[in-house]
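This report refers to the structure that appears directly beneath it.
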Amino acid sequence: MEQAGELLLSKIARGDGHGENSPYFEGWKAYEDDPFHPIKNPNGVIQMGLAENQLSCDLVQEWITSNPEASICSVEGVHEFKDIANFQDYHGLPLFRQGVAKLMGRTRGNRVKFDPDRIVMSGGATGAHEVTAFCLADPGDAFLVPTPYYPGFDRDLRWRTGVQLIPKAKEDNITVKGLLITNPSNPLGTIMDKETLKMVVTFINHNHIHLVSDEIYAATVFSHPGFTSIAEIIEEEDIKMECDRNLIHIVYSLSKDMGFPGFRVGIIYSYNDNVVNCARKMSSFGLVSTQTQHLIAAMLSDDEFVQRFLAESARRLAKRYGIFCKGLRQVGIKCLQSDGGLFLWMDLRPLLKKQTFEEEMALWRVIIHKVKINVSPGCSFHCCEPGWFRVCYANMDDRAVQISLARMRGFVLQNKDVMLSSKKPCSPRNLMLTFSSMRMDDFLMSPHSPIPQSPLVKATT
């Protein structure tokens, strides 16, 4: 009877295209079944597989307390309740679009301006990516995506659109419609430099395919010289004349930079008028509530607050990153040198008895079920080398940080014999990718990451 009932459902309902069978989501389930709590469940699983930015929530709470009129649910702001509650234009509140455009400029050092009329909202970066895929590709078409990449892309871009993601070109009649890059990188936490970005723009123009630049971690960068947006590159004189702007699209959100994942504010910024018009119509399936727009518009119009928030957030992220790297380094665990993001790329290759993905998964299950820490294995990011793990460090308080480090250090010390017997890997800090001697075709047709300092490419020193 159950089987007959399933036959009445769609292919999407019957299938498993959502990707929940990935170890990336499996780790979340392990945490949900046994969540850590310092008092109620001190031996539970610590969630380090979720890239949330909770380090500066106190600054936002202080601002809201000082600006109660920003909420229509407060005594000071309730007089605007009727207008805001009845507003349903899918263009969005003008002040909201202006505020987001200004924030996007500020997080890129005000070196480039964004047009509020090109701001299209969607239900988080997830919705923004899906809408962009719907606008640019047909079912069966493909996007090139250098590995390692965020596991959620397999859901966001593929599940309902029928679009394929491929790390390299294939000779099987697949139409490649675009290249998707993540800058700053998730999971590596590295940034692309200007020369690399120029090469990317040259490549997509030469092949006349779209470029989707995921820049949702733009304001989490804490290194020098800082983040460079694709929007800056297409303004440079040597690129300006060659670049077809109709091929350039940016995905942004407030989930990471501002720490608002629950507000579901995703942004599509396209230089293609047809994409802007189509995406805006499709956004009616996943609008940001006007109550949220109203609050964020007021917050982002406060220049002094935004400037202070972004600076303090970057400072706190850099400090937390340093604490984790130092704690792991004390027991011989190295991490890739990161520039930003809410995570680090941890090298546990010395703990593998054999350099295989089977061993990586076996180690991951021990970390999940015995050490009680949810970190994400590299294979879930389509990493081509076993032994790397993504560790999120900005979604917890200082106490949880110390407990997680203590657990990890204890586990490593217990397995010191394995580390001593394994072949010593190269230091991630010495692994650099030079593009000057490399054809862009080779770069894209390789499963290696295009990000400088990637652990997945051979040293050129």
Side-chain angles (χ1 to χ4, degrees), residues 20 22-55 148 150-152 186-189 261 317 319-336 338 341-353 357-381 383 386-419 422 428 455:
E20 280 192 335
S22 164
Y24 177 74
F25 293 108
E26 187 181 334
W28 287 17
K29 294 173 184 175
Y31 166 75
E32 290 170 358
D33 291 341
D34 185 23
F36 166 81
H37 188 278
I39 298 174
K40 297 178 180 178
N41 192 20
N43 296 318
V45 176
I46 297 176
Q47 174 63 292
M48 303 188 75
L50 184 60
E52 286 184 350
N53 186 359
Q54 298 181 14
L55 299 188
Y150 168 55
N186 177 8
L188 303 181
L317 287 170
K319 181 181 178 181
R320 180 63 66 82
Y321 169 76
I323 289 172
F324 259 99
C325 287
K326 181 180 179 181
L328 294 171
R329 195 163 53 241
Q330 288 173 348
V331 289
I333 296 299
K334 297 177 181 179
C335 301
L336 181 71
S338 296
L342 309 175
F343 33 73
L344 51 83
W345 195 232
M346 180 172 63
D347 183 4
L348 294 187
R349 289 177 295 175
L351 289 177
L352 298 183
K353 295 177 181 178
F357 286 109
E358 289 77 15
E359 282 295 318
E360 176 183 280
M361 287 300 295
L363 175 60
W364 175 70
R365 290 191 173 93
V366 171
I367 295 174
I368 284 278
H369 299 296
K370 302 296 183 181
V371 187
K372 295 294 188 76
I373 296 176
N374 175 33
V375 296
S376 304
C379 63
S380 65
F381 295 86
C383 183
W388 294 89
F389 293 77
R390 192 191 74 169
V391 182
C392 299
Y393 54 74
N395 62 337
M396 61 185 68
D397 59 22
D398 292 339
R399 182 194 298 186
V401 168
Q402 295 306 319
I403 294 173
S404 61
L405 280 173
R407 290 183 184 183
M408 200 66 202
R409 286 194 292 253
F411 171 70
V412 171
L413 291 173
Q414 289 175 2
N415 291 271
K416 212 165 187 179
D417 291 343
V418 177
M419 293 183 66
S422 66

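- Legend: residues meeting ring pair (Phe, Tyr, Trp, His ring centres under 6.0 Å) with Trp364, ordered by chain and number and at least two apart, are absent.
- Every residue was checked against the ring pair (Phe, Tyr, Trp, His ring centres under 6.0 Å) condition with Phe389, not counting sequence neighbours, and none meets it.
- Contacts of Glu32 classified as side chain to side chain donor-acceptor pair (under 3.5 Å), with partners at least two apart in sequence or in another chain: none.
- Sequence neighbours left out, not one pair with a member in residues 401-412 passes salt bridge (charged side-chain N to carboxylate O under 4.0 Å, His left out).
- The side-chain heavy atoms of Leu342 and Glu52, taken from C-beta on, include no pair separated by under 4.5 Å.
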Next on the checklist: Run the side-chain contact (heavy atoms from CB on, under 4.5 Å) test on Phe411 and Leu351 for me, step by step, so that the C-alpha distance in whole Å, both residues' side-chain angles and the decisive distance to 0.1 Å come before the verdict.
Outcome noted: CA-CA 10 Å; Phe411 171 70; Leu351 289 177; 3.9 Å; yes
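- With ring centers used as reference points, Tyr31 lies 6.0 Å or more from Trp28.
- Shown here are the side-chain contact (heavy atoms from CB on, under 4.5 Å) partners of Lys40, two or more places apart in sequence or in another chain: His37.
- Judged as a side-chain hydrogen bond (donor to acceptor under 3.5 Å, both in side chains), the pairs with a partner in residues 372-381 (not counting sequence neighbours) are, in order, Asp34-Lys372, Gln47-Asn374.
- Taking 4.5 Å as the limit, some side-chain heavy atom of Leu363 sits within range of a side-chain heavy atom of Ile367.
- Rounding to the nearest 0.5 angstrom, the gap separating the SG atom in Cys325 from the CE atom in Met346 is 10.5 Å.
- Within the 4.5 Å cutoff, no side-chain heavy atoms of Val375 are placed close to those of Leu348.
- With sequence neighbours excluded, the residues satisfying side-chain contact (heavy atoms from CB on, under 4.5 Å) with Ala400 are Phe36, Met396, Asp397.
- Counting heavy atoms from C-beta outward, Asn186 and Phe343 have side chains that approach closer than 4.5 Å.
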Next on the checklist: For Asn53 and Leu317: C-alpha separation, side-chain torsions, deciding distance, then whether side-chain contact (heavy atoms from CB on, under 4.5 Å) applies.
Outcome noted: CA-CA 9 Å; Asn53 186 359; Leu317 287 170; 4.0 Å; yes
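- Contact between Tyr393 and Leu344 at its shortest, heavy atoms only, is CE2-N, 3.8 Å.
- Contact of the Ile323 side chain with the Gln402 side chain is registered, since non-hydrogen atoms from C-beta on lie closer than 4.5 Å.
- Asp347 places none of its side-chain heavy atoms less than 4.5 Å from the side chain of Ile333.
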Next on the checklist: If you apply the rule side-chain contact (heavy atoms from CB on, under 4.5 Å), what do you find for Asn395 with Leu55, and how did you get there?
Outcome noted: CA-CA 7 Å; Asn395 62 337; Leu55 299 188; over 6 Å; no
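- The minimum heavy-atom distance between Arg349 and Pro386, with the atom names listed, is CG-O, 3.3 Å.
- Residues that satisfy the side chain to side chain donor-acceptor pair (under 3.5 Å) test with Glu26, not counting sequence neighbours, are absent from this structure.
- Checked against side-chain contact (heavy atoms from CB on, under 4.5 Å), Leu413 has the following partners two or more places apart in sequence or in another chain: Val331, Lys416.
- Across all non-hydrogen atoms, the minimal contact from Cys383 to Phe357 is O-CZ, 3.1 Å.
- Not counting sequence neighbours, the partners of Phe381 by the ring pair (Phe, Tyr, Trp, His ring centres under 6.0 Å) test are Tyr24, Trp345.
- For the atom pair CD1 of Ile368 and CD1 of Ile373, the computed distance is 9.0 Å after rounding to the nearest 0.5 Å.
- With sequence neighbours excluded, the residues satisfying salt bridge (Lys or Arg N to Asp or Glu O under 4.0 Å) with Arg320 are Asp398.
- Residue pairs satisfying the salt bridge (charged side-chain N to carboxylate O under 4.0 Å, His left out) criterion with at least one member in residues 358-370, sequence neighbours excluded, are absent.
- Looking at heavy atoms from C-beta onward, Leu328 lies in side-chain contact with Cys335 at the 4.5 angstrom threshold.
- For the residue pair Gly49 and Cys392, the shortest heavy atom distance occurs at C-SG, 3.8 Å.
- Here the closest non-hydrogen pair linking Tyr321 and Ser338 is OH-N, 3.0 Å.
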